[in-house]
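Chain naming here is simple, since letters A, B, ... match the order of the sequence lines and numbering starts at 1 in each.
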Number of protein chains: 2
Amino acid sequence: MDAKKVPDIIIGRLPVYLRTLRHLKEQGAHTTSSLELSRLVDVSAAQIRKDLSQFGEFGKQGTGYNIAFLIEKLLEILNIERVWDVALIGAGDVGHALAHYQGFVNSGFRISMIFDNDPVKIKQQIGLLSVQDASRMVEVIRSAGIKIAMLTVPASAAQEVTDKLVEAGITAILNYSPISLNVPQGVQIQNIDPAVGLQRMTYYLV
Amino acid sequence: MDAKKVPDIIIGRLPVYLRTLRHLKEQGAHTTSSLELSRLVDVSAAQIRKDLSQFGEFGKQGTGYNIAFLIEKLLEILNIERVWDVALIGAGDVGHALAHYQGFVNSGFRISMIFDNDPVKIKQQIGLLSVQDASRMVEVIRSAGIKIAMLTVPASAAQEVTDKLVEAGITAILNYSPISLNVPQGVQIQNIDPAVGLQRMTYYLV
DNA sequence: TAGATTGTTAATCGATTAACAATC
DNA sequence: TAGATTGTTAATCGATTAACAATC
């Protein structure tokens, strides 16, 4: 039971640190510093040190951080030493792209089931998986004990499907539907909407 | 020349308000309130009012906000009354999904060119567009005057391609590559990395 | 040792909330 | 009129930065 609650904004930066540390490691580096990381991730060095210090003393004065060690620590903190099974809901274009996405390798996640309600898509093979009938989704997810879902259904269906996912025991949803989902407290949501990302940038254009 | 600079964190919420207002409008509503919006987007009513008040007085005491009017205002503020041409770089799975994505309709964006460096993909047809040779990218983007790019190339190529995009005059990049890009000041970046989204949530799981 | 860099404190800066007068 | 809801102010809360003693 750690006393202090770590702000979510800090948690959100940790995966970016992790990604960058792995990148450095691939390039053969063994050690880095808050200053070097700062240049790579566009967060101030002081903030990186402060963020990491929430969880322990991972560095050494004078030398900085051992990259392999810090990666290990971040994996522990983020709960991704293990591999999480993920349910993918929606076998459209975005669902297919996620199913084939190589970036999940070593990220701590594996898509282990895919659902759709379109009879044409059900039974279709995507990679090693076969698309399952969404009508059995709650049952299958619950009995597999899956906690994480990626949602790539149309906006019109998203809330309804989300309610079912919650019913099935899902507690984290990566939401690709362009709509704000309503979930009970304790269920995590991360939204990915390309239009929102683009619109946020055009404010600054001319 | 508006005096006060509006914080980016506020700008980031505006597209979500816009999305929600359009949703309400589709459902036939004409008027809404900060309280109703608050329940829909998970931002406090006070904050919604404060955010909007940065740009003008759009509501009426007692009745709230006219939805159509507020949508118009947000389109103006976000600079998306017009349609922006967007260059898509990378014709892999994610690039294909974006090229076929229906969610850009009325969002203010249109993919108008696609590039890849893979000879097998060049000349391929994706929807109405034909994949162009990345070697001509800088020239083509610059002469078309395109300012916005979506980047879906592998991490290993992302920084190099980004440098070329900047050279071509791109000032806003929606980055799907799992890497932090380095760009000169004034170039906007929004990052979309599903692994980062998922890892941020697993911190809270068990 | 001298130089480098951490972890942490205190100061600053910025964002959110609560409250309410104004007014539709 | 009475009820509802805005826009805004002041208070609170939280996040970032600057600075530096500790120490590798």
Side-chain angles (χ1 to χ4, degrees), chain A residues 2-17 20-21 24 29-74 77 180 200 203-204, chain B residues 2-17 20-21 24 29-74 77 180 200 203-204:
Chain A
D2 26 36
K4 64 198 166 208
K5 193 171 161 289
V6 179
D8 180 63
I9 196 164
I10 293 184
I11 304 306
R13 284 191 290 259
L14 300 184
V16 178
Y17 299 161
T20 306
L21 288 163
L24 285 170
H30 292 277
T31 280
T32 187
S33 67
S34 58
L35 188 63
E36 182 181 42
L37 278 174
S38 160
R39 280 189 286 254
L40 293 169
V41 301
D42 201 34
V43 172
S44 80
Q47 185 156 96
I48 291 171
R49 293 200 300 277
K50 193 117 203 282
D51 287 355
L52 296 175
S53 74
Q54 305 286 316
F55 305 97
E57 310 196 350
F58 302 143
K60 273 204 180 62
Q61 288 100 325
T63 46
Y65 300 93
N66 176 290
I67 292 174
F69 176 76
L70 189 50
I71 289 173
E72 272 313 308
K73 286 299 172 186
L74 286 172
I77 293 163
S180 299
R200 181 178 187 156
Y203 172 80
Y204 299 97
Chain B
D2 25 36
K4 64 197 167 207
K5 191 170 162 290
V6 179
D8 180 63
I9 196 162
I10 292 183
I11 304 306
R13 285 191 290 259
L14 299 184
V16 178
Y17 300 160
T20 306
L21 288 163
L24 285 170
H30 293 279
T31 281
T32 187
S33 67
S34 58
L35 188 63
E36 183 181 41
L37 279 173
S38 160
R39 278 189 287 254
L40 293 169
V41 302
D42 201 35
V43 173
S44 79
Q47 185 157 95
I48 292 170
R49 293 200 300 277
K50 193 115 201 283
D51 287 355
L52 296 175
S53 74
Q54 304 287 316
F55 305 96
E57 310 195 352
F58 302 143
K60 274 204 180 59
Q61 288 101 325
T63 45
Y65 300 91
N66 176 289
I67 292 175
F69 176 76
L70 189 50
I71 288 173
E72 273 312 309
K73 286 299 171 185
L74 287 171
I77 294 163
S180 298
R200 181 179 188 156
Y203 172 80
Y204 299 98

**Prompt:** Is the distance from OP1 or OP2 of D/dA4 to the nearest side-chain N or O of B/Y65 less than 4.0 Å?
**Reply:** no
**Asked** Should B/S44 be listed as having a side-chain N or O under 4.0 Å from OP1 or OP2 of C/dT16?
**Response** no
**Message:** Nearest to the side chain of B/K60, heavy atoms from C-beta on, is which of D/dC24, D/dT16, C/dC24?
**Reply:** C/dC24
**Message:** What's the closest nucleotide to the side chain of B/S33 if the choices are D/dT17, D/dT5, D/dG7?
**Reply:** D/dT5
**Message:** Going by purine N1 to pyrimidine N3 plus the second Watson-Crick contact, or the G-U wobble pair, all under 3.5 Å, which nucleotide sits opposite C/dA15?
**Reply:** D/dT12
**Request:** Measure from CZ on A/F58 to P on C/dG7 and round the result to the nearest Å.
**Result:** 9 Å
**Request:** Using both distances under 3.5 Å as the test, list the Watson-Crick or G-U wobble partner of C/dC20, or none.
**Result:** D/dG7
**Complete:** Here the distance between atom P of D/dT6 and atom CG of B/L35, to the nearest Å, is 8 Å
**Request:** Taking only the side-chain heavy atoms of B/I9 (C-beta and beyond), determine which of C/dC24, C/dT16, D/dT8 contains the nearest atom.
**Result:** C/dT16
**Prompt:** Below 4.0 angstrom from OP1 or OP2 of C/dT6, is there any side-chain N or O of A/S34?
**Reply:** yes
**Asked** For A/Y203 and B/D8, does a side-chain donor sit closer than 3.5 Å to a side-chain acceptor?
**Response** no
**Protein-nucleotide distance (A/L37, atom CG; C/dT5, atom P), rounded to Å** = 12 Å
**Prompt:** To the nearest angstrom, how far is B/Q61 atom CD from D/dT6 atom P?
**Reply:** 9 Å
**Given DNA chain C, 5'-ward residue of the pair A/G62 and B/R13, judged by closest heavy atom** = A/G62
**Request:** Report the distance from atom CD1 of B/I48 to atom C1' of C/dA18, rounded to the nearest whole Å.
**Result:** 16 Å
**Message:** Is B/Q47 close enough to C/dT16 that one of its side-chain N or O atoms is under 4.0 Å from OP1 or OP2 there?
**Reply:** yes
**Message:** If you compare all heavy atoms of A/T20 against all heavy atoms of B/S180, which two are closest, and at what distance to 0.1 Å?
**Reply:** OG1-OG, 4.3 Å
**Request:** For A/Q54 and C/dT6, give me the distance from atom CD to atom C1', rounded to whole Å.
**Result:** 15 Å
**Message:** Let's see if you can work this out: which of C/dT5, D/dT9, C/dT8 has an atom nearest to the side-chain heavy atoms of B/K50?
**Reply:** D/dT9
**Item:** d(CZ, B/F69; P, D/dT6) in whole Å
**Value:** 14 Å
**Prompt:** Is there a side-chain contact between A/L70 and A/L52, using heavy atoms and a 4.5 Å cut-off?
**Reply:** yes
**Taking every non-hydrogen atom, the tightest pair across B/T63 and B/T31** = O-CG2, 3.2 Å
**Request:** Would you kindly give the CD-to-P distance between A/E57 and D/dA21, to the nearest whole Å?
**Result:** 18 Å
**Asked** Does A/D8 or A/T63 map to a spot on DNA chain D nearer the 5' end, using the closest nucleotide for each?
**Response** A/D8
**Request:** Among C/dG7, D/dT6, D/dT23, find the nucleotide with the atom closest to the side chain of B/R49.
**Result:** D/dT6
**Asked** Can A/E72 and A/F58 be said to form a side chain to side chain contact (heavy atoms under 4.5 Å, CB included), step by step?
**Response** CA-CA 11 Å; A/E72 272 313 308; A/F58 302 143; over 6 Å; no
**Prompt:** From D/dT17, D/dT6, C/dT6, pick the nucleotide closest to the side chain of A/A46?
**Reply:** D/dT17
**Item:** Exercise: identify the closest heavy-atom pair between A/P15 and B/R200
**Value:** CG-N, 4.0 Å
